[in-house]
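A short write-up of the structure that comes next.
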Amino acid sequence: MQKKLVQSSLAISAAAALGLSGALVASPAMADKAPQKLDVQSEAHVQKALSGIEGVNAYGTDGGELSIGVAKKTDEIKKLEKQYQNIKVTEGIKELKPYAGNDLVGGAGYLVKAGESGGACSTGFSGWDGDGKPVVLTAGHCSKIINEQTNEFDGDTTVDQTEKPSISQANGGEGFQASGNGVIGKWGFTNFGGDLLEGADPDQWSEPSESDIDFAVINVDESKYNVKNGITDWSTADSDDLAKSTTEITEVGAHKDGEISKSGRTTGKTDGEVLPRSEYDFDYQNVGGRWVHGFGVTSPIDKPFSQPGDSGGGVYQGNTAVGVISGGGDLDANTSFTWVADLDHSLEESGTDFNLEKPGEETPEAPAAPKAEDQTIEPEGKIKGKAEAGAKVEVKWEAAEDAKGDETGTQAAENGSETVTADKDGNFSVEGPKAEGDYNFTATAIVDGQESKTTEFDVTVEKDESETPAPVEREISIDPKEIAASDFVQEDKGVTITVKGFDEGEKVNLEVASGPEGVEGIELEETANENGAAAFSIYGTSAENPEAYLGKYDVEVTGDNDTEDESALTGSFEVVADEDGSGGGSGGDDDGNNDDGDADGGAGDGNDDDGNGDGGSDLPRTGAELTGLAAGAGLLLVGGTAVVLTMRRKNKN
């Protein structure tokens, strides 16, 4: 409630100030100049800047900045933003009307006329129907003239004025005195229970029905009353304005076991306990000779939850409206009992469209607060976070004490702010400060003029003094360099080509640049591991015709991250006839790096089948199957995926 009072005060002050300055000539636009800095310490300067600007519903100054609250940014407001660099505009701030004695909230008393006599009931909840017309919810039996002897209906009552709060029974008075604000309005939907339960034998009574509700709607005369969200706690009854202190009602819902509250003109605000189904397993209660759908509430006998006159009063749990008072009595010598007509059921059965905010004027829901962790960056590095996709994110920062700079030439830190837009994935980033040190950052998301809660996080700006490790020299190892044809066509043998010196995750490409007559176009791709190494395996598949693979194969290996200064790694291996080859051979490079086959990455003496060397021993042996010429075509297997590899004889001219 305190927040509402503050906002109201701001809105009234702004309206008064703008009204007085309306005759002043608006300041000229500064389209051709850089934005000015408004002297917010001078009220005269502030009022001059705001003169002639419509739609300002709140404003205040803090930290050298003028904050303005508007319902929606107009062209005038946008122009004002460009003119001054220290003006902050927040959309979605509506004009608030001052509190008045004719503000109608839940829990207030109202009078009804029944011929020459009358009575008093209580309002349940105030709001609007589907057409945006003001309404009040209450108990249906308040709309009926009930014969006390027979419980029959003798007609309908008419709605009269609100009851004067200061003399209501809830405030210690005798009540039944009109407020003087005029007739509230007229009855809309009304219903009190089902058929009259006649006779002394309950077995002869009619069965209850879902439509047996004790519920009514008053269509409010908006020329006399303003409906306001909330239910009064009766603490401001002496001022005859119950709207000054209310509990906000944000939704209508089903009741839950536990503590529950009510507001009415006889007993004011009271508390009780929902009677659990384990103790009172009923959906319907006989109220005044009729079934009424609802639930029970108990309280101590000396602190009754309700009394006559509280009928229709609003029953709520937290900020949820759950019912209106229907009837009550004593459960036993120590317990007071109240039957509550459940509101969600009554609204559904009556077909009433009830809104706690006027349709079309609902305040958009505030966006979620941005997410940003503490982070360390280099000077002018990127500061990153997450927010709702498309949200405007206002990022502000202030230097901590150790980032202020000194007289030794250290660059002085500066406070700053920047507003950016989160991308489609919700990512946002801003450029960090230049000066080293610690900074306190905040980030606030803005969507449809509504601001989120502010996220706070710390950023440390420091240069990276660590030495960049020297790049690993690139090497290639082929094992074996010479292999017998009968070994080459065995999958567990073949030739393994291992390379290192690439970046982790880099795509590494191997190409057989030249080979025996009839073999061309063989290419493989692998990904360098965390050590920057990759391995390829090549073997033949035509065991019936191993001689088809005889000859020398030249290979080239490149990486996707290669620069113009980096040349391909090259090497070769040869498939020889069984009577000429050793079936093994020594490892090593063909580019002059490891001619003896003993360097890192080489295969050593040629007996190490994997040939991966240092940094490559954990690599899988995946690669190519070279199909013999006799087959005409074959399969290239890379990581288990098969693609057609064309093998063709070259034309001899």
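At a threshold of 4.5 Å between non-hydrogen side-chain atoms, the residues Leu80 and Val89 do not count as touching. Residues Asn440 and Asp458 meet the side-chain proximity criterion, which asks for heavy atoms closer than 4.5 Å. Contact of the Pro433 side chain with the Phe441 side chain is registered, since non-hydrogen atoms from C-beta on lie closer than 4.5 Å. Between Ile53 and Ile68 the shortest side-chain heavy-atom distance does not fall below 4.5 Å. Looking only at side-chain heavy atoms (C-beta outward), Asn427 and Lys386 come within less than 4.5 Å of each other. No side-chain heavy atom of Ile478 sits less than 4.5 Å from a side-chain heavy atom of Tyr553. Here the side chains of Gln317 and Glu259 are not in contact, with every heavy-atom distance at 4.5 Å or above.
No option in Thr421, Asp423, Val395 other than Val395 meets the side-chain contact (heavy atoms from CB on, under 4.5 Å) test with Phe428.
For the residue pair Glu251 and Thr320, a side-chain donor N or O sits within less than 3.5 Å of a side-chain acceptor on the partner. There is a side-chain donor-acceptor pair under 3.5 Å between Thr444 and Thr454. Checked by atom type, the side-chain pair Asp233/Ser235 shows a donor-acceptor distance below 3.5 Å.
Side-chain atoms of Asp479 never come within 3.5 Å of backbone atoms of Thr496 as a donor-acceptor pair (strictly under, hydrogens ignored). Between the side chain of Gln375 and the backbone N or O of Lys384, at least one donor-acceptor pair lies under 3.5 Å. Asp438 places no side-chain N or O within 3.5 Å of a backbone atom of Ala400 that could act as its donor or acceptor partner. The backbone N or O of Glu506 lies less than 3.5 Å from no partner atom in the side chain of Asp560, so there is not a single donor-acceptor pair. Between the Asp448 side chain and the Gln450 main chain, no donor and acceptor come within less than 3.5 Å of each other. A donor-acceptor distance shorter than 3.5 angstrom exists from the side chain of Glu436 to the backbone of Lys463, with no hydrogens or angles considered.
When all heavy atoms of Lys396 and Ser417 are compared, the closest pair comes out as CG-CB, 3.6 Å. Annotation for Val227 and Ser126: closest pair CB-CB, 4.0 Å, computed over non-hydrogen atoms. Taking each heavy atom of Gly107 and Trp234 in turn, the nearest pair found is O-NE1, 3.1 Å. Shown here for Ile249 and Ile231, the closest heavy-atom pair between the two residues is CD1-CG2, 4.1 Å. Ile77 and Glu54 make their closest contact through CD1-O, 4.2 Å (heavy atoms, listed as atom of the first residue, atom of the second, distance). Annotation for Pro367 and Ser452: closest pair O-CB, 3.1 Å, computed over non-hydrogen atoms.
Enclosure of atom CD in Glu456 is not indicated, since only 12 or fewer non-hydrogen atoms of other residues, nucleotides or ligands lie within 6.0 angstrom. Residue Asp374 places its CG atom among more than 12 non-hydrogen atoms of other residues, nucleotides or ligands, all under 6.0 Å distant. In the displayed structure, Asp62 atom CG is contacted under 6.0 Å by at most 12 heavy atoms of other residues, nucleotides or ligands. More than 12 heavy-atom neighbours from other residues, nucleotides or ligands sit within 6.0 angstrom of NZ on Lys269.
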| task | Would you please test Glu91 and Lys392 for salt bridge (charged side-chain N to carboxylate O under 4.0 Å, His left out) and show each step? | result | CA-CA 12 Å; Glu91 291 187 283; Lys392 298 291 184 183; over 6 Å; no
| task | Mind running side-chain contact (heavy atoms from CB on, under 4.5 Å) on Asn355 and Asp129 for me, showing each step along the way? | result | CA-CA 6 Å; Asn355 303 278; Asp129 64 15; 5.7 Å; no
| field | side-chain contact (heavy atoms from CB on, under 4.5 Å) between Trp397 and Ile383, intermediate numbers included | value | CA-CA 11 Å; Trp397 60 92; Ile383 296 165; 6.0 Å; no
| said: Is there a side-chain contact (heavy atoms from CB on, under 4.5 Å) between Val322 and Asp344? Walk through the geometry before answering. | reply: CA-CA 7 Å; Val322 297; Asp344 57 341; over 6 Å; no
| query | Step by step, would you call Tyr316 with Thr247 a side-chain contact (heavy atoms from CB on, under 4.5 Å)? | reply | CA-CA 10 Å; Tyr316 59 102; Thr247 296; 4.1 Å; yes
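Rounded to the nearest 0.5 angstrom, Lys500 NZ and Asn529 CG are separated by 11.5 Å. The distance from atom CG of Asp503 to atom CG of Asn561, rounded to the nearest 0.5 Å, is 5.0 Å. Rounded to the nearest 0.5 angstrom, Asn229 CG and Trp128 CH2 are separated by 7.0 Å. Atoms OG1 and CD, from Thr558 and Glu525 in turn, are 9.5 Å apart once rounded to the nearest 0.5 Å. With values rounded to the nearest 0.5 angstrom, Glu373 atom CD is found 10.0 Å from Thr455 atom OG1. If you take CG on Leu524 and CG on Asn509, they are separated by 9.5 Å, rounding to the nearest 0.5 Å.
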